[in-house]
Amino acid sequence: MTRPRTAFLFDLDGTLVDSVYQHVLAWKEALDREGIELAVWRIHRKIGMSGGLFTRMLLRETGIEITEERVARLRRWHAEAFSRRAEAGGVRPLPGAHELLAWLTEAGLPWAIATSGRMQTAAHNLQALGVDPAKVPVITRDDVRHAKPDPDLFLAAADRLGVDIQHALVLGDSIWDMLAAQRCRALGVGLLSGGYGQEELEQAGAFRVYDDPADLLHHIDEVAARD
């Protein structure tokens with residue numbers, strides 16, 4: 001009897017690419033432009049969820065009226081600000097990201113990327129990572145009805161790989177990744193490279209937590225099923 005191979009479903013920002021704080025600053029710029037004052041730390045706590053849900057939660061905290069026009073405007077300004085930072089060289093792969101993906105490919109273990117960002121912003125990170133969406137399964141917010149903490153992104157990624165979600169690992173850096181993993185009955189593996197603490201990730205469902213992709217690769221035997 002052949003055992004199913006473990007599939008790896010990666011978040012992008014903060015998991016494979018060092019881009020979380022660039023997103024935080026881009027959202028801060030967009031909010032300032034709209035005349036909305038919000039502390040940077042409050043913005044960071046919501047990075048990793050879908051952009052639409054993110055803006056609605058932020059605006060709910062401020063008590064400012066939420067309109068579709070305002071949400072669309074903030075999303076557009078965030079994308080513009082993030083793109084400007086990315087094009088200036090502010091987005092780079094995290095330590096070990098290239099090596100981890102190369103190891104999985106060499107080992108014949110399927111992997112895909114599932115990000116809450118839309119392709120407009122994800123494209124910069126994919127380019128920095130050297131991942132071609134024409135060759136690697138990449139699921140973005142454009143492809144699903146709901147993003148994290150809903151499980152749709154990871155379910156779609158598993159479907160694209162042709163694997164059972166219960167034989168997959170969800171690798172992410174935020175509590176929203178771990179909550180989404182629980183909701184689709186996948187195992188969650190947390191990384192500290194997005195700014196959340198180990199205890200936070202574990203409480204959200206992570207069964208293992210590592211520093212970054214390099215640390216995960218160093219302990220890959222703890223999470224990857226052997227053939």
Side-chain angles (χ1 to χ4, degrees), residues 2-23 48 82 86-87 89-117 119 121-140 143 148 153-174 177-178 180-181 184 186-196 198 201 206-227:
T2 302
R3 290 183 298 174
R5 296 175 297 168
T6 303
F8 287 68
L9 311 180
F10 289 95
D11 172 50
L12 188 57
D13 296 287
T15 300
L16 293 171
V17 180
D18 190 9
S19 54
V20 167
Y21 294 99
Q22 288 83 349
H23 274 295
F82 179 80
E87 290 166 1
V91 172
R92 297 180 181 180
L94 284 159
H98 285 138
E99 293 81 359
L100 174 59
L101 297 181
W103 188 93
L104 294 175
T105 301
E106 179 66 23
L109 294 172
W111 59 273
I113 291 174
T115 174
S116 288
M119 185 55 77
T121 54
H124 297 287
N125 293 345
L126 294 171
Q127 182 178 9
L129 193 59
V131 169
D132 184 354
K135 299 178 180 178
V136 174
V138 175
I139 307 298
T140 71
D143 301 313
K148 296 174 289 186
L153 284 164
F154 297 118
L155 288 169
D159 184 64
R160 186 78 64 84
L161 289 173
V163 300
D164 187 328
I165 190 64
Q166 295 186 59
H167 298 144
L169 295 176
V170 165
L171 301 103
D173 63 286
S174 74
D177 296 310
M178 299 303 100
C184 61
L187 284 176
V189 175
L191 299 181
L192 299 176
S193 41
Y196 281 91
Q198 178 168 342
L201 294 171
F207 88 106
R208 290 287 187 278
V209 177
Y210 302 99
D211 290 342
D212 55 19
D215 189 35
L216 171 58
L217 180 57
H218 185 65
H219 297 89
I220 195 68
D221 57 311
E222 296 178 358
V223 297
R226 299 178 183 274
D227 289 335

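Residue numbers run from 1 in the order of the sequence given.
For the pair Ser116 (side chain) and Gly48 (backbone), a donor-acceptor distance under 3.5 Å is present. Looking at Asp143, its side chain does come within 3.5 Å of a backbone N or O of Thr140 through a donor-acceptor pair. No donor-acceptor pair under 3.5 Å is formed between the side chain of Ser193 and the backbone N or O of Thr15. Checked by atom type and distance alone, the side chain of Gln22 pairs as donor or acceptor with a backbone atom of Gly90 at under 3.5 Å.
His218 approaches Asp221 most closely through the heavy-atom pair O-OD1, 4.3 Å. Looking at every heavy atom in both residues, Asp177 comes nearest to Gly172 through OD2-CA, 3.4 Å. Between Pro137 and Leu161, the closest heavy-atom pair is CG-CD2, 3.7 Å. The two atoms that bring Ala186 and Ala168 nearest to each other are CB-O, 3.6 Å, heavy atoms only. Residues Val91 and Ala128 share a closest heavy-atom pair of O-CB, 3.8 Å. Asn125 approaches Ser19 most closely through the heavy-atom pair ND2-OG, 3.5 Å.
Separating the CZ atom in Phe10 from the CG atom in Leu169 is a distance of 8.5 Å, to the nearest 0.5 Å. A distance of 5.0 Å separates CG in Leu9 from CD1 in Ile165, rounded to the nearest 0.5 Å. Interatomic distance, CG of Leu94 versus CG of Asp173, reported as 8.5 Å (0.5 Å rounding). The CD atom of Gln198 sits 10.5 Å away from the CZ atom of Arg208 when rounded to the nearest 0.5 Å. Taking CD from Glu87 and CZ from Phe82, the interatomic distance works out to 10.0 Å, rounded to the nearest 0.5 Å. We find the CG-OG1 distance between Leu187 and Thr6 to be 9.0 Å, quoted to the nearest 0.5 Å.
Applying the 6.0 Å contact sphere to CD of Glu222 captures more than 12 heavy atoms from other residues, nucleotides or ligands.
Scored by the side-chain contact (heavy atoms from CB on, under 4.5 Å) test, Leu129 finds Leu12, Leu16, Val17, Pro93, Ala97, His98, Leu101, Ile113, Val131 as partners (sequence neighbours excluded).
Under the 4.5 Å side-chain criterion, counting only non-hydrogen atoms from C-beta, Leu100 is not in contact with Phe8. Side-chain contact between Asp18 and Asp212: absent, with no pair of heavy atoms (C-beta onward) separated by less than 4.5 Å. Looking at heavy atoms from C-beta onward, Tyr210 lies out of side-chain contact with Leu217 at the 4.5 angstrom threshold. Side chains of Leu192 and Asp211 form a contact here, defined as non-hydrogen atoms less than 4.5 Å apart.
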Apply side-chain contact (heavy atoms from CB on, under 4.5 Å) to the pair Ile139 and Phe154, showing each step before the final yes or no. CA-CA 8 Å; Ile139 307 298; Phe154 297 118; over 6 Å; no
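Exactly one of Asp11, Val223, Leu216 qualifies for a side-chain contact (heavy atoms from CB on, under 4.5 Å) with Leu171. That residue is Leu216.
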